[in-house]
Asks: 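After the structure tokens below, expect a handful of questions from me.
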Protein chains: 2
Amino acid sequence: MAQHSVAQQAQRALEAHLLDGSWPVGVRLPAERALAETLGVSRNSLREAIFCLKARGLLVSKWGSGVFVTDRLQTAISSPWRQLVADHPDLRWDTLEFRREMEGATAHYAALRADKTDLKKIEGIIKRLTRAYETGEKNEEYKADADFHEAIAEASHNSMFLYLHAGILRMLREHISLNLMGMEDPSGKITDDLRRQHLGVWDAVRKHQPEAARQAMLAHIDFTRIELERRQG
Amino acid sequence: MAQHSVAQQAQRALEAHLLDGSWPVGVRLPAERALAETLGVSRNSLREAIFCLKARGLLVSKWGSGVFVTDRLQTAISSPWRQLVADHPDLRWDTLEFRREMEGATAHYAALRADKTDLKKIEGIIKRLTRAYETGEKNEEYKADADFHEAIAEASHNSMFLYLHAGILRMLREHISLNLMGMEDPSGKITDDLRRQHLGVWDAVRKHQPEAARQAMLAHIDFTRIELERRQG
DNA sequence: GCCTGAAAATTGGTAGTACCAATTATTTTT
DNA sequence: AAAAATAATTGGTACTACCAATTTTCAGGC
């Protein structure tokens, strides 16, 4: 009869409570045994549903305490790759290698083909980036950083690279940035290095030096990789 | 001890099989009872993991039949381009640039990390390829060619490259090969060049010379591009 | 009266068994 | 040889039992 399995129905029921506000953020869910009874399902099926919602980041469970509702706005949208990258930290190095090659190639072709419109756009982003560096606005810095990379992708005039940047690469960049942004940088050295690296890429693209642009971008990715390694082995 | 729950560990074990290719698309997983025993977890915990992967669309289960691997991971990445390439033939040069960079990078990391198993596999394919060249079996030559590139991708030991090769790159390769294979080659010069290029890549990978491998692969892709240009402007 | 701390109840985590229903493989019958 | 009946396998669900971490309760002492 049931189009969907009992566990799926249970998951729907839980999601409904999360959506209609009857279980606000931070609240503790009824105990599994009681909740299973009220939903009319076994504790097994209920746990399957809960486990899935936990994996999606909507719930967290604390041993001996209960299951709680988390802030679901962050993890609402996730691609299959995001989930995999989050679950398998060792995959991060694979994706970083991929990023390194792709961003390097993109910078190469950007330096080869950037026209006046492209250069003007990138220059504007560089100004935003510099201003964000100086004022220390981390949020604007992150946004300008992302815009910079996508502007480079546009300037490459290659649909393939452009789509990669709009899809996977953007996701990977977000994932890395979240880990790297929260770090302390008391001396401001890292911020300074990042600024120098972006200017290096921009300079090579502006002067139409493909290989210099590639090397500058590779150095930038390598820098983020090394900084990431320093923090997480 | 365990930072993560048993169910989460089970989920990662399943994901690992999906990522490293030991469970290809369409394959049927071992029965839940048997799989739970091999993983050393209870069937309940295993089912929680499976349920989550089903919800993410990576697995589908059929009543009384088994659990199967879907092609979500590959289609999620390759589908946008499949449509684009089909709709816009002039996109071919963009995709060739993309192929050039990706295959070059893959050869680089293959030379860096290929182990004895990888080398043995590649060597076998090289022998098939040589035999196909000599006997002039175009069909076997094409198949061995494709296997060669994918074996290189496996030897790179990078899940990202591996999946790209299994997805979009395979599609692009098919697209190119069909145009290139059907051409006449009376003097046998092109076949001879192709053979020399494959041997060049194989030699660099075997000797663990990353940059030589990259350059050899780039030369190979450039050759196919030039031959394609000669025929279709 | 209030604090302390140990015992008890509660809760999520895991394992195991049993049974059902759908599918598949095997055997039997025609 | 084909078809039908049967047995074995598989996912789906439920239930019980126990463990370990947490919270609550409550007795005892100051």
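Order of the sequence lines sets the chain letters (A, B, ...), proteins ahead of strands, with each chain counted from 1. On a predicted model such as this, the values are computed, not experimentally measured, just so you know.
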Asks: Measure the distance from CD on A:Glu32 to P on D:dT13 and round it to the nearest whole Å.
Replies: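 Value for this atom pair: 17 Å.
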
Asks: Please state how far atom CD in B:Gln9 lies from atom C1' in C:dT14, giving the value in whole angstrom units.
Replies: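 Going from CD in B:Gln9 over to C1' in C:dT14 covers 12 Å.
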
Asks: Just compare C:dT11, C:dG13, D:dG12 and give me whichever is closest to any side-chain atom of A:Ala31.
Replies: C:dT11

Asks: Report the distance from atom OG1 of B:Thr38 to atom CG of B:Leu35, rounding to the nearest 0.5 Å.
Replies: 4.5 Å

Asks: Looking at residues at least two apart in the chain, or sitting in another chain, which of them share a side-chain hydrogen bond (donor to acceptor under 3.5 Å, both in side chains) with A:Ser156?
Replies: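 A:Ser156: no side-chain hydrogen bond (donor to acceptor under 3.5 Å, both in side chains) contacts found.
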
Asks: Tell me which pairs pass salt bridge (charged side-chain N to carboxylate O under 4.0 Å, His left out) where either residue lies in residues 106-117 of chain B, with sequence neighbours left out.
Replies: A:Glu97-B:Arg113

Asks: Does A:Arg47 make a side-chain N or O approach to OP1 or OP2 of C:dG13 shorter than 4.0 Å?
Replies: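 Yes.
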
Asks: Given D:dG12, is OP1 or OP2 found less than 4.0 Å from the side-chain N or O atoms of B:Ser61?
Replies: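 Affirmative; the distance criterion is met.
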
Asks: Quick one: list whatever passes ring pair (Phe, Tyr, Trp, His ring centres under 6.0 Å) with B:Tyr109, sequence neighbours left out.
Replies: B:Phe161

Asks: Round to a whole Å and report the spacing from CG of B:Leu39 to C1' of C:dG16.
Replies: 17 Å

Asks: Round to the nearest Å and state the distance from B:Glu37 atom CD to D:dT9 atom C1'.
Replies: 16 Å

Asks: Would you kindly give the CG-to-P distance between A:Leu46 and D:dC15, to the nearest whole Å?
Replies: 13 Å

Asks: Could you state the CD1-C1' distance from B:Ile50 to D:dG11, rounded to the nearest angstrom?
Replies: 9 Å

Asks: Output all residues satisfying side-chain contact (heavy atoms from CB on, under 4.5 Å) with B:His108, sequence neighbours left out; order by chain, then residue number.
Replies: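 In terms of side-chain contact (heavy atoms from CB on, under 4.5 Å), with neighbours along the sequence ignored, B:His108 is linked to B:Pro210, B:Glu211, B:Arg214.
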
Asks: Given C:dA15, is OP1 or OP2 found less than 4.0 Å from the side-chain N or O atoms of B:Ser42?
Replies: yes

Asks: When the aromatic ring centroids of B:His149 and B:His165 are compared, is their separation below 6.0 Å?
Replies: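 Here the rings of B:His165 and B:His149 have centres that are no less than 6.0 Å from each other.
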
Asks: In the 5'-to-3' direction, what one-character label does each nucleotide of nucleotides 16-26 of chain D receive under the scheme B = base within less than 4.0 Å of a protein heavy atom, S = sugar-phosphate only, - = no such atom?
Replies: -BB-SBBS---

Asks: With a 4.0 Å cutoff (strictly under), does any side-chain N or O of A:Ser45 reach OP1 or OP2 of D:dA14?
Replies: yes

Asks: Pairs in or reaching into residues 22-57 of chain B: which pass ring-ring contact (aromatic ring centres under 6.0 Å, His included), with residues at least two apart or in two chains?
Replies: B:His17-B:Trp23

Asks: Could you state the atom-to-atom distance from CD of B:Glu48 to P of D:dT13 in whole Å?
Replies: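 Rounding to the nearest Å, CD of B:Glu48 and P of D:dT13 are 14 Å apart.
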
Asks: To the nearest angstrom, how far is A:Phe51 atom CZ from C:dG13 atom C1'?
Replies: 11 Å

Asks: So if I take every side-chain heavy atom of B:Ala7 and compare against C:dA15, C:dT14, D:dA14, which nucleotide ends up nearest?
Replies: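 Between C:dA15, C:dT14, D:dA14, the one nearest the side chain of B:Ala7 would be C:dT14.
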
